[in-house]
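Quick notes on the structure that follows.
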Amino acid sequence: MTAFRLPATTPGARLLGLGSTQPANVVTNDDLAKTMDTSDQWIRDRVGIQSRRVVGDGTLLVEMAAEAGERALKDSGLELSEIDTVIFASCTMPSPIPNGAAQTADRIGISAPAAFDLNAACAGFSYGVGTAAGLIRSGSARHVLVIGAEKLSDWIDWTDRSTAIIFADGAGAAVLGPAPDEASVGVGPVAWGSAGDLAPTIFIKPENNALFQEGQSVFRWATTKIAPVALRAIELAGLTPADIDVFVPHQANLRIVEAIAKKLRKSGAREDMRVADDIILSGNTSSASIPLALDHMRADGRVASGDTVLLVGFGAGLSYAGQVITFP
Ligand code: UT7
């Protein structure tokens, strides 16, 4: 038997930096109501969105990804040369080849990192963080840049009021690295899974290359199946719901966010747990929504260093993933 030399393992991973970006172009509900049969009131009541950001000037998905990545890197204080792996979570690349990770790394100026794309749709960022933490713990990677980036506007039928009012563009990123000891590990085990039998509830229609979703089916699934995933992530980390300071679920619909938070509170989460509501001004940006929400909450002082933060992503696949992190 050949005995392989394996890399030294580490106690686990922690977050070192965070960054995000959104297009400058703001699209209000009233703007959409000019071209389709909808209203500001309906969208606020049923989805919670007031406005969203949509690329209006031809900006590429990888440009947004690189900008978010650069900001996260700057925030981490690391040198470009210290990043050895780039994970690009997205479901809106213009084509499957080439991947987004290598292009984005090149734009940032990271030399020859391991670079791969990960498509878990709206669960992509949590899948990416889970994958990065595993690579770091096993010694296969040291510093990983995880980017969640989407240009959903390329994949929307702008006459379809059931999708056009929800989805938006943006990018968010985090840098993860090894924790020096057990006590400073800042990423809990990932609770993840899928429900492939429900794949037909969200897909890109080949006839028009536009996103289709059975809104009510996905709504029901999200409001019944995702709170248990969040509770599992808490349990895997050896914590209780009362330990959670901040809850950042995927920003799918404000009513879904509130329904999951209500279930967590019934299971012991605190009333003063801060809950992300970034969908109000950002819309649903799929894999970018969690890092965008986190970055915006940091900017307005609703998440701070040392906070215990619960992340949970869910969406097309259907796929889901959650973990508890310590905010850097
Ligand atoms: O992030 C990926 C995962 N995706 C999700 O989590 C999305 C989950 N689903 C949802 O968020 C919601 O189901 C939607 C926001 C997509 C739709 O909200 P809803 O409360 O489930 O509305 P609905 O589809 O049941 O439609 C209710 C009514 C219908 O009219 P009738 O049949 O009652 O006369 C729709 O035709 O509202 C109508 N409607 C609209 N009216 C004005 C549907 N879309 C619109 C609209 N403006 N944009």
For D37, enumerate each residue passing the salt bridge (charged side-chain N to carboxylate O under 4.0 Å, His left out) test, keeping only those at least two apart in sequence or located in another chain.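 Testing D37 for salt bridge (charged side-chain N to carboxylate O under 4.0 Å, His left out), a comparison that skips the adjacent residues, returns R161.
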Within this structure, what is the [atom1]-[atom2] distance for the pair [X] and [Y], rounded to the nearest 0.5 Å?
{"X": "L211", "Y": "W155", "atom1": "CG", "atom2": "CH2", "result": "10.0 Å"}
{"X": "I290", "Y": "D278", "atom1": "CD1", "atom2": "CG", "result": "11.0 Å"}
{"X": "F116", "Y": "N99", "atom1": "CZ", "atom2": "CG", "result": "10.0 Å"}
{"X": "R142", "Y": "E82", "atom1": "CZ", "atom2": "CD", "result": "8.5 Å"}
{"X": "S162", "Y": "Q216", "atom1": "OG", "atom2": "CD", "result": "11.0 Å"}
{"X": "L32", "Y": "S51", "atom1": "CG", "atom2": "OG", "result": "10.0 Å"}

Would you say [X] and [Y] make side-chain contact, with heavy atoms under 4.5 Å?
{"X": "L239", "Y": "T308", "result": "yes"}
{"X": "V129", "Y": "L176", "result": "yes"}
{"X": "L145", "Y": "T85", "result": "no"}
{"X": "W42", "Y": "V47", "result": "yes"}
{"X": "P291", "Y": "S20", "result": "no"}
{"X": "H143", "Y": "L16", "result": "yes"}
{"X": "L292", "Y": "Q22", "result": "yes"}

Give the C-alpha distance, both sets of side-chain angles, the deciding distance and a yes or no for side-chain hydrogen bond (donor to acceptor under 3.5 Å, both in side chains) between E67 and T21. CA-CA 7 Å; E67 193 168 331; T21 186; 3.3 Å; yes
Pair L281-Q50, side chain to side chain contact (heavy atoms under 4.5 Å, CB included): steps then yes or no: CA-CA 6 Å; L281 296 179; Q50 293 178 13; 4.1 Å; yes
So which heavy atom on [X] is nearest to which on [Y], and how close?
{"X": "G56", "Y": "N25", "result": "CA-ND2, 3.9 Å"}
{"X": "N284", "Y": "H250", "result": "OD1-CE1, 3.0 Å"}
{"X": "I49", "Y": "G283", "result": "CD1-CA, 3.8 Å"}
{"X": "V257", "Y": "A276", "result": "CG1-O, 3.4 Å"}
{"X": "A123", "Y": "S319", "result": "CB-O, 3.7 Å"}
{"X": "P241", "Y": "S267", "result": "CG-O, 3.3 Å"}

So, does [X] use its side chain to make a donor-acceptor pair with the main chain of [Y] at under 3.5 Å?
{"X": "E63", "Y": "L60", "answer": "yes"}
{"X": "R52", "Y": "A168", "answer": "no"}
{"X": "D243", "Y": "T240", "answer": "yes"}
{"X": "R14", "Y": "A179", "answer": "no"}
{"X": "N119", "Y": "C91", "answer": "no"}
{"X": "K74", "Y": "G17", "answer": "no"}
{"X": "Q323", "Y": "A191", "answer": "no"}
{"X": "S90", "Y": "T92", "answer": "yes"}
{"X": "D117", "Y": "A101", "answer": "yes"}

Salt bridge between [X] and [Y], side-chain N to carboxylate O under 4.0 Å?
{"X": "R298", "Y": "D75", "value": "yes"}
{"X": "D295", "Y": "R71", "value": "no"}
{"X": "D307", "Y": "R274", "value": "yes"}
{"X": "R44", "Y": "D40", "value": "yes"}

Within a reach of under 6.0 Å around CD of E79, are more than 12 heavy atoms found that belong to other residues, nucleotides or ligands?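 No, because the 6.0 Å sphere around CD of E79 holds 12 heavy atoms or fewer from other groups.
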Please walk me through it: do D169 and S153 pass side-chain hydrogen bond (donor to acceptor under 3.5 Å, both in side chains)? CA-CA 7 Å; D169 302 330; S153 57; 2.7 Å; yes
Looking only at side-chain N and O atoms, does S287 offer a donor or acceptor that is under 3.5 Å from a partner on E150?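 Checked: E150/S287 side chains pair up, N/O donor to acceptor below 3.5 Å.
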Tell me yes or no: between the side chains of D30 and T28, is some donor less than 3.5 Å from an acceptor?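 There is no such pair (donor and acceptor under 3.5 Å, judged by atom type) between the side chains of D30 and T28.
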Checking side chain to side chain contact (heavy atoms under 4.5 Å, CB included) for the pair F88/L61: CA distance, chi angles, key distance, verdict? CA-CA 11 Å; F88 182 92; L61 171 58; 4.1 Å; yes
In terms of hydrophobic clustering (I, L, V, M, F, W, Y; side-chain heavy atoms under 4.5 Å; direct or indirect links), are [X] and [Y] co-clustered?
{"X": "M273", "Y": "V229", "result": "yes"}
{"X": "F327", "Y": "V146", "result": "yes"}
{"X": "V303", "Y": "L310", "result": "no"}
{"X": "M64", "Y": "V26", "result": "no"}
{"X": "V187", "Y": "V312", "result": "no"}

Are L264 and L231 close enough, and set up right, to give a side chain to side chain contact (heavy atoms under 4.5 Å, CB included), and what steps lead you there? CA-CA 7 Å; L264 296 183; L231 291 169; 3.8 Å; yes
Knowing that exactly one of W192, F314, Y320 qualifies, which makes a ring pair (Phe, Tyr, Trp, His ring centres under 6.0 Å) with Y127?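 Among the candidates, only W192 passes.
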Taking it one step at a time, do F212 and T163 satisfy side chain to side chain contact (heavy atoms under 4.5 Å, CB included)? CA-CA 7 Å; F212 166 85; T163 50; over 6 Å; no
Which residue is it: L15, I244, L294? I am looking for the one with a side chain to side chain contact (heavy atoms under 4.5 Å, CB included) to V309.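 With V309 as partner, side chain to side chain contact (heavy atoms under 4.5 Å, CB included) holds for just one option, L294.
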Steps toward side-chain hydrogen bond (donor to acceptor under 3.5 Å, both in side chains) verdict (T285, Q251): CA-CA 7 Å; T285 57; Q251 302 290 290; over 6 Å; no
